[in-house]
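First the structure, in the form of structure tokens, and then the observations on it.
Note on naming: letters A, B, ... go to the chains in the order of the sequence lines (proteins, then strands), and numbering restarts at 1 for each one.
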There are 2 protein chains.
Amino acid sequence: MTKNLTRREKVKLANREAILSAAEEIFAEKGFYAATVDEIAERAEFSKGALYTYFKNKEDIFLSLVLDKVDKQKEMNQGLGASLAPMECIKRLIRAHLKFFEENKEYFQIITSERNRFKPGTKNKLRRELMKRFQSYLKDVEGLMKAAIDKGDLKNLTPNYLAIALIGIINSFTAQWIFTGSESSLQEMSEVVTKLFLEGAKA
Amino acid sequence: MTKNLTRREKVKLANREAILSAAEEIFAEKGFYAATVDEIAERAEFSKGALYTYFKNKEDIFLSLVLDKVDKQKEMNQGLGASLAPMECIKRLIRAHLKFFEENKEYFQIITSERNRFKPGTKNKLRRELMKRFQSYLKDVEGLMKAAIDKGDLKNLTPNYLAIALIGIINSFTAQWIFTGSESSLQEMSEVVTKLFLEGAKA
DNA sequence: TATAAAACTGAATAGTTAGTCATAAGGTAC
DNA sequence: GTACCTTATGACTAACTATTCAGTTTTATA
């Protein structure tokens with residue numbers, strides 16, 4: 001699918017990816033404001049000026065990056081088979097989420113750090129787009145919860161609350177995994193997370 | 001207890017609080033780097049120079065603020081009666097947490113945004129202190145979980161995981177509450193949160 | 001009220017950084 | 001090989017911001 005591109009176009013695309021990848025690391029480590037364009041350029045092995053032929057400005061780098069990842073995550077969700085029994089779907093969702101964050105921990109750090117700044121009221125088109133996708137993402141999980149409730153698999157609670165709780169547990173495990181040095185495997189937490197979410201803590 | 005302070009000392013203390021309160025709003029809104037000392041000074045109705053008679057520098061303002069709040073939160077935890085049955089304790093912990101975040105949403109925003117930057121390796125004394133207190137905070141919740149397990153009230157899972165899950169659910173509800181405009185009461189979520197944590201989602 | 005100490009002010013300083021642009025290098029097509 | 005076009009470079013600019021400090025105002029005391 002990356003075919004019927006000229007050599008030049010392919011190089012351009014690869015360079016773009018390299019810049020985004022460098023930016024991901026820097027933004028994760030320092031946050032949007034403390035990260036400098038110079039540093040991103042250096043890590044990507046380009047001059048600063050070159051970055052501006054790929055992206056309009058620093059914010060454009062940032063938002064392109066996050067947008068790409070949000071889409072990848074959403075794609076992943078769709079790929080986990082809505083045809084399955086809702087319950088099985090939820091188990092897979094948990095595993096897929098943990099896998100995604102394990103493979104994209106910089107992204108996780110970026111969104112947890114910067115989500116506050118995506119709040120309503122912003123004029124920027126990309127930011128609005130991003131907010132829209134965050135919301136649509138939550139809605140997807142909610143939809144899954146609703147299906148499971150209708151099937152009688154889950155308690156009849158507001159799907160929104162179920163989704164918030166599940167995402168919260170996943171995020172919390174991910175954050176702690178990162179904080180403690182990301183040494184073990186995050187995916188291995190799937191069973192505990194699933195058990196805690198479905199069965200609860202009570203004996 | 002604020003007695004046997006001279007008038008001057010009392011004013012000084014009040015001013016310090018005012019500056020921290022202004023800083024809290026600005027830091028929550030913009031994050032540490034994007035917040036400017038000018039803006040904090042203006043909101044606190046002081047000149048920029050005056051801030052430097054109260055605090056060593058911008059970071060000192062920030063860390064003093066967070067340290068104060070961490071301590072308040074810890075204090076709150078201790079105040080909820082360790083003598084009670086563990087189960088009752090957990091219920092109160094959930095309510096107390098939600099209440100605290102409802103009353104300190106700026107603090108919540110600040111720590112979720114900046115926690116990444118508190119990671120190991122920092123030389124700064126205050127930062128290390130802060131990290132230590134975060135850890136000790138998690139340990140407190142873990143201790144509670146352990147007590148409840150020993151009593152046979154909770155499943156025999158790693159207390160660390162139980163604590164992570166509960167904190168995750170609470171944080172997630174808080175984040176969503178803030179994201180959607182903080183209009184309803186967050187404390188009212190206590191029952192849902194408790195139910196989800198203890199009973200789980202499964203029907 | 002006079003005096004000294006404390007606290008405040010805001011302009012000046014020193015440093016940083018996003019973004020630009022004239023110039024150079026590299027690639028493409030004939 | 002040459003003329004042309006695309007991309008890369010990095011010094012430069014303009015703007016911003018943390019911190020300082022000399023001079024001013026306020027407060028406490030006697």
Original post:
Using the ring of each side chain (for Trp, its six-membered ring), is B:Phe27 parallel, tilted or perpendicular to B:Phe62, with breaks at 30° and 60°?
Top reply: perpendicular

Original post:
What do you reckon, are the aromatic ring centroids of B:Tyr137 and B:His97 less than 6.0 Å apart?
Top reply: yes

Original post:
B:Phe27 has an atom CZ; how far is it from atom P of D:dT17, in whole Å?
Top reply: 13 Å

**OP:** Send over the distance from A:Leu51 CG to D:dG10 P, rounded to a whole Å.
**Re:** 13 Å

Original post:
Toward the 5' end of DNA chain C, which comes first, A:Val37 or A:Ala50, by nearest nucleotide?
Top reply: A:Val37

Original post:
Want to settle it: does B:Val11 or A:Tyr33 sit nearer the 5' end of DNA chain C, counting the closest nucleotide to each?
Top reply: B:Val11

Original post:
In whole angstroms, how far is the C1' atom of C:dC8 from the CD atom of B:Glu42?
Top reply: 17 Å

Original post:
Separation of A:Ile19 atom CD1 from D:dT7 atom C1', in whole Å?
Top reply: 11 Å

Original post:
Does the side chain of A:Thr53 get closer than 4.0 angstrom to OP1 or OP2 of D:dT6 through an N or O atom?
Top reply: no

Original post:
Atom CZ of A:Arg16 to atom C1' of D:dA8: distance rounded to whole Å?
Top reply: 18 Å

Original post:
For A:Phe46 and D:dT6, what is the distance between atoms CZ and C1' respectively, to the nearest whole Å?
Top reply: 14 Å

Original post:
Counting side-chain heavy atoms from C-beta on, which of C:dG10, D:dT17, D:dA11 comes nearest to B:Ser47?
Top reply: C:dG10

Original post:
Looking across every strand, which nucleic acid part, if any, lies under 4.0 Å from A:Ala34 by heavy atom: base, sugar-phosphate, or nothing?
Top reply: nothing

Original post:
What is the nucleic acid contact for B:Ala41, judged by heavy atoms within less than 4.0 Å: base, sugar-phosphate only, or nothing?
Top reply: nothing

Subject >> base_contact_polar (C:dG19 base, A:Lys48 side chain, donor-acceptor, <3.5 Å) >> reply: yes

Original post:
Reckon A:Tyr54 touches a base, only the sugar-phosphate, or nothing at all at heavy-atom distances under 4.0 Å?
Top reply: sugar-phosphate

Original post:
For the pair made of CG in B:Asp38 and C1' in C:dA12, what is the distance, rounded to whole Å?
Top reply: 13 Å

Original post:
Roughly, in whole Å, what's the span from CD in B:Glu39 to C1' in D:dA18?
Top reply: 14 Å

Original post:
Under 3.5 Å, is there a donor-acceptor pair between the side chain of A:Ser113 and the main chain of A:Gly31?
Top reply: no

**OP:** Measure from the side chain of B:Asn15, starting at C-beta and using heavy atoms only, and say which of D:dA8, C:dC8, C:dG19 lies closest.
**Re:** C:dC8

**OP:** Tell me whether the centres of the aromatic rings in A:Phe173 and A:Phe101 are closer together than 6.0 Å.
**Re:** no

Subject >> Among C:dA18, D:dT19, C:dA7, the nucleotide that comes nearest once only the side chain of B:Tyr52 is considered >> reply: D:dT19

Original post:
Has A:Glu188 got more than 12 heavy atoms of other residues, nucleotides or ligands less than 6.0 Å from its CD?
Top reply: no

